[in-house]
Every structure is written in structure tokens, then in C-alpha cells.
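Down below is the structure, laid out as C-alpha cells.
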There are 2 protein chains.
Amino acid sequence: MSMANLEIEQAAGSNDAWFVRRGAGTPQDGLAALFRLMGVAEASPHATAPITTRRVRAGVALFHEGTCAQAVYFIAVGTFKLMHTAEDGYEQVLGFAGRAEMLGYDALCQRSYPTTAVALEDSTVYALPAADLFGLSARVPALGRVLHLAASRQMLHQVEIAHLMAAVSAEVRLARFLLQLSDHMAERGQSPRRLYLRMSRRDIASHLGVAHETVSRSFGALASWGCVAVNNREVEILDRERLLACASNTRGLVHPRCGAAADGPRLARAQAAFG
Amino acid sequence: MSMANLEIEQAAGSNDAWFVRRGAGTPQDGLAALFRLMGVAEASPHATAPITTRRVRAGVALFHEGTCAQAVYFIAVGTFKLMHTAEDGYEQVLGFAGRAEMLGYDALCQRSYPTTAVALEDSTVYALPAADLFGLSARVPALGRVLHLAASRQMLHQVEIAHLMAAVSAEVRLARFLLQLSDHMAERGQSPRRLYLRMSRRDIASHLGVAHETVSRSFGALASWGCVAVNNREVEILDRERLLACASNTRGLVHPRCGAAADGPRLARAQAAFG
DNA sequence: CGATCGTTTGACGGTGCTCAATCACCGTGG
DNA sequence: CCACGGTGATTGAGCACCGTCAAACGATCG
């Protein structure tokens, strides 16, 4: 197949052209690439959809909050951070998105994007025009399915994020965040042990709902407990069991009955992590 | 029209029958009712879909986390709380859902529901079978659109919840929660001033990520500042401007430059609310 | 009317936020 | 080559908000 390594072509494609129309001669190329990215077998080989490819440099916004919703995007390569700017100017990081994740879907029910998506590294996305998205979804059933599945997966991701925020302790939140990152890496076939954090400490802090100094301290705590090794943005998970034990402390100590329990909260938590 | 007050019929319908097959003679009744509920004009008058109606008593779960995903639900009347039970048994309230909101969509990308939905009052839902949901969505384009719009709205709701959690102060979180509730009431044509909280303080506390005693104290604080009047589960918004001012404090005080700013943190915040 | 649950209020201790300084890294220009 | 400013990460000190424990109060239902 000539499109066996299509994404690699696109990833290494021309640097200066930001908008690239795919498949002028073979209109199903963009659609096929999207189906392959999302891991579904295309049902209708002669279906067509006006899918374009867009490259975004690190630090550049794919779309801004409040701007007119023109497209729904699928990340082919790269990482994005999604954020929400409050009226007072405070920037809240809602989450991070990687390969095969969908962006901008939440803009469908209104005219503008409710969030801003910023590339954390040089990235490539597929763009589906939002204007006739419902028509496309009806004409190409497989595309409708891809959209539904991606939307459903995104909601599942929100549950994980809620689980993150449920922890009261900063170390537990960070541990859960790292484990989620590790799982997402594993899903994409990457190493779940060695992580390279594309986002800054400030972004992590905003996402976890703590001060960025606290993130540094929590990294130090996890490292001193032997869970991870941290060197700036390189994180290696040394002891996954221990990290899991640390991440499973929802609230002080879980069931009050299930152990000798809370002596000094901090000490008890550290011991639980070692136990 | 004979179906002008269809929901009312269903809400006051037979009490003992939990599953009610709608429209044995006229198969499009369920679909038409769903379209009316979601506020879209049905495009295809002769379309059909196996939509059933289900009534759920207060305190009963519509579906449990981990059980096989059988249907996607739309709330016709009533209120639900969505929660996630962690491995350690800790129950985290993810949010609340009311009329015209969708439940169970996040189960589509896997075989089971990731969350539990519990009715907070006697409620009625429309059920779409999950098995051939993609087929239905393809055969009835308007239904696909309803699903996409509802999913998109749900994601928008998640952004609001993230905005909730972005606040560090308990009073600010509660103020934002009340304002969101007020807005949702207004969207459904109800009074945005007088709220009756269907959920307990514990549920609110879990949702806001604070202790339930703190929720009580925060209610007291908002009341003492003249923002609201609280009587058990009845809440009246006395001064919306003041409540908004209180809710807009993201972090201590927003831009350090924008005022005389932080004297005593607590005092400064209270004054900002009065300013 | 008693029992159970939900709500409120109090006191205390700890965690994390704020403020601040230091260090590491980097691209620039002298 | 080194000085220089800028950004990001780390570490420290102090204090206030909130979580925990505890008890009183109120509501609802049998």
C-alpha cells in the first residue's frame, strides 16, 4: 500500500505550508488516514470527505477560545494542552491531549470554541469542517461512528480527570497524573516507564489544582520515596506498585477500619506508600 | 396535537410498570417525544426507533458502574447524580444532570458504564438501546444530530465543572456552583432565583472537593454576606451581582496589580465580594 | 414519640498557598 | 570565551484555610 506510512509523510511534509489539501486526485485519502489513525476499518471504500491536514508549531494555538468553530480536529502526531481563560484572565489547564484524540468537539453545540488548544510540540492534526459535519456524519456512517467513539472516549477521560481531582493530597494527585500518563503512553505502544513531560510545571500545577511550587515538592516527595526518578522533565517510574499504593489514598487513609491508620497523617501516608 | 403534553402523561403514568413500551401502534412517538425534549424539529416524520420510557424512583440507580451498557438515556423529568466509586470504595460525585441531559454516553467506547447514575427524585428517562445505536444514528440522521449535540453540550458542561474546581476557596466554589445551578434553571425556564437543592450537603461537598462541614460553613458565609438566603435545601439568591463578584475570585485576588489588594486574605475576599 | 439521618457549629492541627531567594539552563551579544 | 538577562525549577519560611474529630441541633419517617 502506498499509504502505509501516511502520517509519517505528513509529519515530515512541507514546513512552510500550514494548510495542506489532501487527496486532490484520490479524495478518500484523508478519510482513510483518519480511519487508520482512529483504529477502525473503513466500511465504505469509495466514501469522500473534505479532510485537510494542518501542522502546528510548538507554542502555537490550534484554535482560540471564543473564535468561530470552523473544524473538529484529530491529533495525528503531537501533544496539545487545552485551557480555559476565565473572565478575570486566570488560565486554567483543562487537560492534555495526544495522538488519536479529538479536539474542538465541544464547540458543536454553540458557535464558538469554549476552550483554547495550544501545541506543546510540533504537531499535525486532521481537520473536519464543522459546517457540514452532521451531513458528513450522515452520508458516511463510519465517520459518524468515529465521532461518537471519540466523543465517548473523551468523556471517559473526563472521569479519569475527576478521579485525579478527588484526591486531597498533592502527592496523590501527582501520582495519579503520572499513572494516567503512563497508561496513555502504553495505549499508544510507547514505554510506560520512561516519560518525557511535554508540559511545564506550571501547566501541571494548573491541571492538578495546586501551586507550581507544590508540584516541585511533590515530585521530590515521590522521588524520595523511591517511586520515581525525576530529572527536570524526564520522569522514570521506578516502582509502579509503590506509586499505585501512593495513588490509591483518596482521603487521608481510605477506610478508617482497614488498618492501624492515621497516626500523623503525613507519616501514615508515607508508610502506606512503602507498605 | 395529542402529544402536546407527552412528558406530563409519562410523568403521571402508571406507577408499577418500570418499563413502558411507547408507541406500539405509532412507532415514531418515542422519537418525536425525544426530539421535542431536545428542542429539535424532526426532519423525517416517518422515521422509527425503538425508544422506551423508564421511570426511576428517588434513590434508585438508573445504571451501576461496571454493568453492561445497554442503553443511552435522556432525562425527560427529574434529576440524577453521577458518581464514580474508586477501587477503595470512596464515592466521588462527578456531577448532576437534569431535564434534557444525556446519561450513559460515555459507555459507548467500552462494554460497561464507567459511572453510576442515581435518581435524586422520582424521574423519567427515554432509553435508546446501545446495541444498534450507530445503526440508528446512521438511519435517522436527525437522531445522530441529537446525539452529537447532546454529547457536545455535555463536554461544555465539563468545562464549567473544571471552572468550578479551579477556585481554591470553598466559598468561591460554592458560589460558582450555585450560579451554574441558577443558569441551568433559567435555561429550562424555571426561576433562577429560588433554588431547591435536590442533593444532600455530602453530595455537594463531594462534587466540590471539600468536606461537607465546609459546605455548611460556606453556605453560612454566603448568607452572612447577603448573597443568598439558605434554609436547609431551599436557597434563594438575594444579590446576584454580589454572588458573581464572590465567584470571580479565582485565586486569592486575581491580578495582583488590579487593586489595593490583599490585606488579610479572608477580609480582602469578603470586601471584594461587597465591592 | 423515639430513632436515624442530615445539617450546623465549635476547636484544633496540619497541609498547602504566598512570598522570596537561589539555582540551572539557554540563547544573545559584548 | 564569559557576562548578561530571561525563563523555568527548586527550596525555604510563615501563616491561614480547611480537614478531622466532636457534639448539638433539626428534620423526616416509622
request  = Kindly say if Ser216(A) contacts the phosphate of dA9(D), meaning a side-chain N or O under 4.0 Å from OP1 or OP2.
outcome  = no

query = Does Arg233(B) have a side-chain nitrogen or oxygen under 4.0 Å from the phosphate oxygens OP1 or OP2 of dT7(C)?
reply =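 Yes, because at least one side-chain N or O of Arg233(B) sits under 4.0 Å from OP1 or OP2 of dT7(C).
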
ask   = Is there a donor N/O on one and an acceptor N/O on the other, under 3.5 Å, for the side chain of Glu213(B) and the base of dC21(D)?
value =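 Checked by distance alone, the answer is yes.
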
query = Quick one: the side chain of Arg217(A) and the base of dG12(D), do they pair up donor-acceptor inside 3.5 Å?
reply =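 Flag set: donor-acceptor pair detected.
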
Whole angstrom is fine here: how far is it from [atom1] in [X] over to [atom2] in [N]?
X	N	atom1	atom2	value
Leu222(A)	dT10(D)	CG	P	12 Å
Leu208(A)	dC17(C)	CG	P	10 Å
Asn249(B)	dA16(D)	CG	C1'	16 Å
His212(A)	dT18(C)	NE2	P	10 Å
Glu171(A)	dG14(C)	CD	C1'	12 Å
Asp203(A)	dT7(D)	CG	C1'	14 Å

ask   = Using the benzene-type ring in the case of Trp, are the ring centres of Tyr113(B) and Phe63(B) under 6.0 Å apart?
value = yes

remark   = Exactly one of Leu208(A), Leu164(A), Leu222(A), Asn249(A) clears side chain to side chain contact (heavy atoms under 4.5 Å, CB included) with Val172(A), and that residue is Asn249(A)

note = Which of Thr79(B), Val77(B), Val56(B) passes side chain to side chain contact (heavy atoms under 4.5 Å, CB included) with Glu121(B)? Answer is Thr79(B)

task = Using a strict 4.0 Å threshold on nitrogen-to-oxygen distance, state whether Arg240(A) and Asp183(A) make a salt bridge.
result =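 A salt bridge is present here (some side-chain N lies under 4.0 Å from a carboxylate O).
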
message = As a test of your reading of the structure, name each stem of DNA chain C as range with range, where a stem is three or more consecutive Watson-Crick or G-U pairs at under 3.5 Å.
response = C:1-26 with D:5-30, C:28-30 with D:1-3

Does the [X] side chain pair with the main chain of [Y], one donor and one acceptor, at a distance under 3.5 Å?
X	Y	result
Ser182(A)	Pro192(A)	yes
Arg99(A)	Gly78(A)	no
Asn232(A)	Glu234(A)	no

message = According to side-chain hydrogen bond (donor to acceptor under 3.5 Å, both in side chains), does anything in residues 204-218 of chain B pair up with another residue at least two apart or in another chain? List the pairs.
response =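 Passing the test, one end in residues 204-218 of chain B: no pairs.
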
Below 3.5 Å between N/O atoms, which protein atoms pair up with nucleotides 21-26 of chain C? Just atom names and distances, please.
none

request  = Just jot down the side-chain hydrogen bond (donor to acceptor under 3.5 Å, both in side chains) partners of Glu236(A), sequence neighbours excluded, or say none.
outcome  = Arg194(A)

inquiry  = Going by side-chain hydrogen bond (donor to acceptor under 3.5 Å, both in side chains), name the residues that satisfy it together with Glu101(A), two or more places apart in sequence or in a different chain.
reply    =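 Scan of Glu101(A) (side-chain hydrogen bond (donor to acceptor under 3.5 Å, both in side chains), adjacent residues dropped) gives Arg188(A).
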
query = Between residues 194-202 of chain B and DNA chain D, which residues have a heavy-atom gap below 4.0 Å?
reply = none

